[in-house]
Amino acid sequence: MDRFLIKNSSTRKHPLLVECTDTVTLPEKAKLRKNEDDSLLAEHLTWKEIRAEGLSCDYTLLYSKTEADVIFQQLEREITYFPEDLSRVQVYGKWHNVPRKQVTYGDDGLSYKFSGITLSPKPWIPLLNSIRDRVELATGHTFNFVLINRYKDGNDHIGEHRDDEKDLVPHSPIASVSFGACRDFIFRHRDARCKNPTRQIESQKLELANGSLLMMNFPTNVYWYHSLPVRKKVLAPRVNLTFRKIIPNCERKNTP
DNA sequence: TTCACCCCATTTAA
DNA sequence: TTTAAATGGGGTGA
């Protein structure tokens with residue numbers, strides 16, 4: 001029987017293998033490996049550059065639809081999110097349940113704070129390490145933390161904000177990987193957010209597709225807010241992973 | 001026309 | 001100084 005299981009790499013030594021519980025025949029496996037190898041080569045990725053004043057982002061399809069569909073199902077099976085009471089945020093002095101589900105994974109000894117909450121990461125699991133490996137191979141950057149947001153349908157959303165937390169390594173890019181439903185993603189310049197803006201700066205609108213990677217490079221998060229707005233017509237869930245580089249607690253400088 | 005949807009300004013006390 | 005939230009008003013197009 002020329003059948004076997006493609007196994008996931010728990011050691012991060014084999015980033016080329018995507019976890020797959022299906023059995024496939026030998027020729028199919030060889031084909032799969034070749035396609036994966038091809039799409040993994042950084043130089044084979046086609047990037048779309050999104051540029052504006054103070055904004056630098058790069059977008060690509062990191063996974064084929066077939067791969068992305070498999071990974072989405074794996075995420076749905078393997079990721080368990082923080083309970084509601086552990087992910088309430090404080091905005092304008094009021095506490096709210098977030099209109100989505102969240103969880104963080106990452107290296108030991110890290111923590112990420114925003115809007116009144118501190119998120120401590122769960123230990124890495126093979127599935128997330130495999131995605132992280134792929135992102136690192138494609139971008140040449142390394143990451144030690146991932147925030148996962150699950151939007152169950154178009155009513156789940158996230159409001160305008162910047163990823164400008166002290167916990168982030170200065171100037172480090174953030175890698176946003178999307179699975180499941182395609183959603184609109186909006187950038188707005190900080191100087192265009194009041195009633196009488198001093199300058200007219202156009203919003204930047206993107207669609208984040210299944211299997212896509214959006215790199216948010218410095219200094220995007222200094223000048224631009226981003227949001228995932230409500231989209232009533234979207235009925236399917238989306239899972240988004242934002243890989244980050246967090247300053248380890250032990251290396252953190254005391255600010256007076 | 002109607003109304004669901006989208007855009008966006010406002011809120012607020014830590 | 002800023003706000004990872006909801007809310008309500010106005011515009012719009014199917």
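Both backbone and side-chain heavy atoms feed into the values below; hydrogens, waters and symmetry mates do not. Treat the numbers as computed from the prediction; the structure is a model and nothing was measured. Labels below follow one simple rule: chain letters A, B, ... track the order of the sequence lines, proteins then strands, and each chain is numbered from 1.
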- Task: Cation-pi check, A/R132 to A/W124: give yes when NZ or CZ is under 6.0 Å from the six-membered ring centre and within 45° of the ring axis, no otherwise.
- Result: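 The answer is yes; both the distance and angle limits are met.
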- Please determine if A/R238 forms a cation-pi arrangement with A/F179, meaning its NZ or CZ atom is less than 6.0 Å from the six-membered ring centre and no more than 45° off the ring axis.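 Not flagged: A/R238 not positioned over aromatic ring of A/F179.
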- Could you tell me how the ring of A/H141 sits relative to the ring of A/F143: parallel (under 30°), tilted (30 to 60°) or perpendicular (over 60°)?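 Geometry flag for A/F143 against A/H141: tilted rings.
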Do the side-chain N or O atoms of [X] get closer than 4.0 angstrom to the phosphate oxygens (OP1, OP2) of [N]?
X      : N     : answer
A/Y225 : C/dT2 : no
A/R231 : B/dC7 : yes
A/R188 : B/dA9 : yes
A/R162 : C/dT3 : yes

- Query: What nucleic acid atoms does A/H226 come within less than 4.0 Å of, heavy atoms only: base, sugar-phosphate, or nothing?
  - Reply: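 Nothing: the residue A/H226, judged by heavy atoms under 4.0 Å, touches no strand.
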- Within the structure shown, what part of the strands sits under 4.0 Å from A/N149 by heavy-atom distance: base, sugar-phosphate, or nothing?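 Nothing: the residue A/N149, judged by heavy atoms under 4.0 Å, touches no strand.
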Whole-Å distance separating the [atom1] atom of [X] from the [atom2] atom of [N]:
X      : N      : atom1 : atom2 : result
A/H161 : C/dA6  : NE2   : P     : 14 Å
A/I117 : C/dT3  : CD1   : P     : 15 Å
A/F185 : B/dC7  : CZ    : C1'   : 17 Å
A/H157 : B/dC5  : NE2   : P     : 15 Å
A/Q204 : B/dC7  : CD    : P     : 15 Å
A/E160 : C/dT2  : CD    : P     : 14 Å
A/R193 : B/dT10 : CZ    : P     : 11 Å
A/R190 : C/dT2  : CZ    : P     : 8 Å

Given side chains that start at C-beta, do those of [X] and [Y] come closer than 4.5 Å, heavy atoms only?
X      : Y      : answer
A/N144 : A/L110 : yes
A/I201 : A/Y223 : no
A/D184 : A/L206 : no

- Query: Just checking, is any N or O donor in the side chain of A/Y151 or A/R183 under 3.5 Å from an acceptor N or O on the other one?
  - Reply: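 Distance-only check fails for A/Y151 and A/R183.
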- Message: Could you check whether A/N149 and A/R100, counting side-chain N and O atoms only, form a donor-acceptor pair closer than 3.5 Å?
- Response: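 A/N149 and A/R100 do have a side-chain donor-acceptor pair below 3.5 Å.
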- Kindly compute the distance separating CG (A/D163) from OG1 (A/T220), expressed to the nearest 0.5 Å.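 The OG1 atom of A/T220 is 10.5 Å from CG of A/D163, to the nearest 0.5 Å.
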- Task: Could you summarise the pairing of DNA chain B as dot-bracket text, marking Watson-Crick and G-U pairs under 3.5 Å with ( ) or [ ] inside the strand and | across strands?
- Result: .||||||||||.||
- DNA chain C-proximal residues of residues 79-103 of chain A, any heavy atom under 4.0 Å: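 Heavy-atom cutoff 4.0 Å gives A/V89, A/V91, A/Y92, A/H96, A/V98, A/P99, A/R100.
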